[in-house]
Amino acid sequence: MSSQLLPVASLSTTPRSSLSPSSSRIQHTLAQRTHIPAHVYKHPAAILLELCTSMEELHQIIPLIIKNGLYEEHLFQTKLVSLFCKYGSLTEATRVFEPIENKNDALYHTMLKGYAQNSSIFDGLSFYCRMIEDGVQPVVYNFTYLLKGCGENCLVKNGKQVHAQLILNGHEGDVYAMTCVVNMYAKCRLIDDAHKAFVRLPERDLVSWNTIIAGYAQNGFAGRAIELVSQMQVEQLKPDPITIISVLPAVALLDMYLKCGSLSTARVIFDKMSVRNVVSWNIMIDGYAESGDSMESLILFQKMLDDGIKPTGVTIMAALHACADSGDLSRGQFLHRLANELGLQNDIPLTNSLISMYSKCKQIEIAGKLFKNMKEKTRVSWNTMILGYAQNGRVIEALNHFRDMKLENIEPDSFTMVSIISAISESSILLQAKWIHGVVIRSFLVRNVFVKTSLVDMYAKCGAISIARKLFDLMDEKHITTWNAMIDGHSRFIKEGVRYFSIMKEKYAVDPTMDHYGAMVDLLGRSGRLQEAWDFILKMPVEPGVNIFGAMLGACRIHKNVKFGEMAAERLFKLNPTDGGYYVLLANLYASVSMWDKVNEIRTKMERKGIVKTPGFSSVDLGNEVHSFYSGSSWHSDSKKIYDFLETLIEKIKGAGYVADMDLMRDVEDDVEEHMVSVHSEKLAIAYGLLNTRPGKTIHIRKNLRVCGDCHNATKFISLVEKREIIVRDLHRFHHFKDGICSCGDYW
DNA sequence: CTAGGGTTAG
């Protein structure tokens with residue numbers, strides 16, 4: 001025996017008198033085992049081992065065993081192996097096990113349990129093979145450990161091998177072991193095999209029923225799981241708490257499908273619960289946040305704090321989700337402080353949620369700082385940050401982070417791709433679009449429905465409508481947002497848009513979202529079918545949102561229809577939109593029909609409410625660089641050259657039939673009372689683009705507001721006289737100018 | 001050594 005492996009600490013604590021009064025019972029239990037002599041099982045060291053609760057205590061008992069010459073006793077050897085395994089030190093267990101010369105079967109069985117439960121299942125399986133090679137007969141419970149390990153690790157092949165061994169060793173009639181087989185197949189997602197094993201059971205008791213019920217529930221067969229709960233009662237077996245707990249998620253799942261995400265049932269149960277723990281609160285708070293009811297989520301969160309329940313990271317993440325959705329920055333900041341008080345500064349998922357909250361509340365700088373300061377970043381962290389930049393229109397930062405992520409050897413996934421694609425859609429640069437499409441294909445993410453949808457949307461926004469259409473037609477699985485992207489991208493073609501909208505509902509049973517309705521109103525309205533658009537709004541099965549009336553108002557502005565415009569505006573302003581652009585839109589509508597008193601009225605209203613309009617700017621993509629221009633700006637180094645060129649260009653298109661329209665020009669970009677029209681940013685950007693690209697090259701423009709009527713008209717003529725394709729992506733859509741015609745058909 | 005089933009979470 002090698003003594004160096006054993007600690008030399010003396011047994012100072014745990015005097016004999018501290019032995020529990022049940023020591024005689026322990027002695028009795030020990031004596032019942034294989035013929036152990038009384039001086040061994042009655043020895044205090046044996047009783048101490050039975051009472052041992054930690055590795056520390058074990059190390060204190062061992063010297064006592066050695067001093068008393070008991071180390072060679074099988075009872076002690078087996079117990080030591082068992083305890084070392086239990087406390088996680090397989091190395092020490094092996095050091096006891098291996099040197100033993102005459103290893104009995106029990107010792108092997110103990111070691112096997114240790115490997116299967118406290119090491120990896122593969123160690124357990126190899127030890128089983130060795131045990132058989134050493135000529136040791138397995139016992140039925142050896143298989144239960146191995147089956148459990150195979151199930152937990154989804155090792156179908158190994159699980160089947162163990163199942164075979166079980167049969168070969170004649171244990172097919174053992175309910176306990178066979179229940180493990182049922183469980184193993186269920187955990188390996190082979191629910192049919194699990195069921196086959198279940199029907200072959202020698203008898204079906206409560207535990208085996210619970211096993212198959214949980215199996216169905218975990219594999220997503222909610223209905224089947226519930227069915228089996230009734231069936232077990234036919235066999236006179238009453239469901240116990242474990243049955244209920246196993247089937248509850250299945251019930252909730254069914255409920256969700258039936259009630260279409262309704263939380264009310266869950267809430268009734270929650271309100272009736274006598275004892276609510278953090279988990280029950282968390283589920284409810286997150287449930288509301290997830291379903292979009294931020295208000296109720298946050299009310300419940302406050303209630304939880306009032307009830308004196310200490311929130312966990314999960315609670316805070318759920319509440320942050322609600323803040324992000326509702327743009328509630330101040331409450332989000334409160335949650336941030338709370339998380340710090342709870343010591344969650346370095347919690348990665350929580351920091352990810354904070355980044356998401358700050359990004360959605362337009363505090364992208366704070367989000368960026370949090371991200372930068374993270375000691376450790378997961379893929380989710382990168383995805384959250386990239387999405388944040390994309391949603392805040394920070395295309396360059398999004399692309400830079402995408403590059404950095406790859407430099408850090410973190411593989412992008414479908415979430416990364418969707419974010420980066422939407423960032424590129426924002427800039428509408430076709431070259432970048434094609435580049436990312438290539439990246440998507442090379443990273444094997446092109447089959448993902450969300451990725452494909454965002455590609456369709458991206459190409460549509462870049463003006464490459466034929467590529468978008470091709471991708472759309474190739475998609476076999478279409479998601480709700482795919483339809484949206486396509487309806488939006490085809491918006492010039494009213495008939496097709498309407499058709500997509502109806503087959504989406506009828507053939508594919510996809511419920512339209514607010515964006516779909518918005519797209520339809522826009523489509524009908526811009527084409528001048530204002531009555532139809534208004535009827536469509538009135539017939540909507542859901543309460544119309546800001547975007548619906550905004551689209552209607554925009555259409556009325558184009559068609560100078562004050563009657564519908566005022567109706568839309570009235571409903572719109574009741575919804576308190578934050579965007580001042582709608583007031584400008586209404587004022588422009590009045591201006592277009594010379595109702596100047598009304599124009600003044602709106603202007604006063606805006607001043608009183610402190611509404612500021614967004615300054616217009618346009619940018620032009622020159623391949624390697626992007627140049628931005630503000631309305632009437634002259635700070636560009638080539639400013640003089642640009643204005644001179646623009647002057648000759650305007651003369652040239654006038655020769656081709658262009659007439660400047662002062663009324664149309666006084667549009668969203670200008671103050672409503674401003675009569676001297678400065679040069680719109682879009683014209684500056686186009687001029688700069690023409691000056692700095694070789695003849696024939698397509699010009700890509702991006703504008704933060706809607707294109708005004710005069711610029712639109714001018715661009716058509718420019719495309720004709722300069723023989724250039726010009727693609728303008730404005731706030732709402734793309735315009736593809738070619739040979740004096742725009743792809744939007746003059747509806748926008 | 002001395003056996004089998006369950007729950008919450010981005």
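To find a chain, count down the sequence lines: A is the first, B the second, and so on, and within it residues start at 1. Side chains included, hydrogens not; waters and symmetry mates left out as well; all remaining heavy atoms used.
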Applying a 4.0 Å non-hydrogen cut-off, can you work out what [X] is touching in the nucleic acid: base, sugar-phosphate, or nothing?
X	result
A:N352	base
A:K187	sugar-phosphate
A:T211	sugar-phosphate
A:N142	nothing

Quiz item: Which word best sums up how the rings of A:W209 and A:F198 line up, parallel for under 30°, tilted for 30 to 60°, or perpendicular for over 60°?
Solution: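 Judged by the thresholds at 30° and 60°, the geometry between A:W209 and A:F198 is perpendicular.
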Exercise. Report the nucleotide, chosen from B:dG4, B:dG6, B:dC1, that has the shortest atom-to-atom distance to any side-chain atom of A:S82.
Key: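 Of all the options, the side chain of A:S82 is nearest to B:dC1.
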Quiz prompt | A:K79 side chain, from C-beta outward: closest of B:dG4, B:dC1, B:dG10 | solution =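 Of the candidates, B:dC1 comes closest.
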Self-check item: Result of checking A:F122, A:F97, A:Y145 against A:F127 for ring-ring contact (aromatic ring centres under 6.0 Å, His included)
Solution: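 That would be A:F97.
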Self-check item: Any side-chain donor near an acceptor of the partner, A:Y358 and A:H336, under 3.5 Å
Solution: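 Yes, a side-chain donor-acceptor pair sits under 3.5 Å.
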Quiz item: Do A:N373 and A:K369 meet the criterion of a side-chain donor-acceptor pair at a distance under 3.5 Å?
Solution: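 Note: A:N373 and A:K369 side chains miss the donor-acceptor criterion.
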Quiz item: According to a strict under-4.0 Å criterion, is A:Q77 in side-chain N/O contact with OP1 or OP2 of B:dC1?
Solution: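 No, A:Q77 has no side-chain N/O under 4.0 Å of OP1/OP2 on B:dC1.
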Quiz item: For the base of B:dC1, is there a side-chain donor-acceptor partner from A:Y108 under 3.5 Å away?
Solution: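 Between B:dC1 and A:Y108, which were checked side chain against base, a qualifying N/O pair under 3.5 Å is absent.
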Quiz item: Can you find an N or O donor on one side and an acceptor on the other, under 3.5 Å apart, linking the side chain of A:D174 with the base of B:dG4?
Solution: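 It does not, because no donor-acceptor pair links the side chain of A:D174 to the base of B:dG4 below 3.5 Å.
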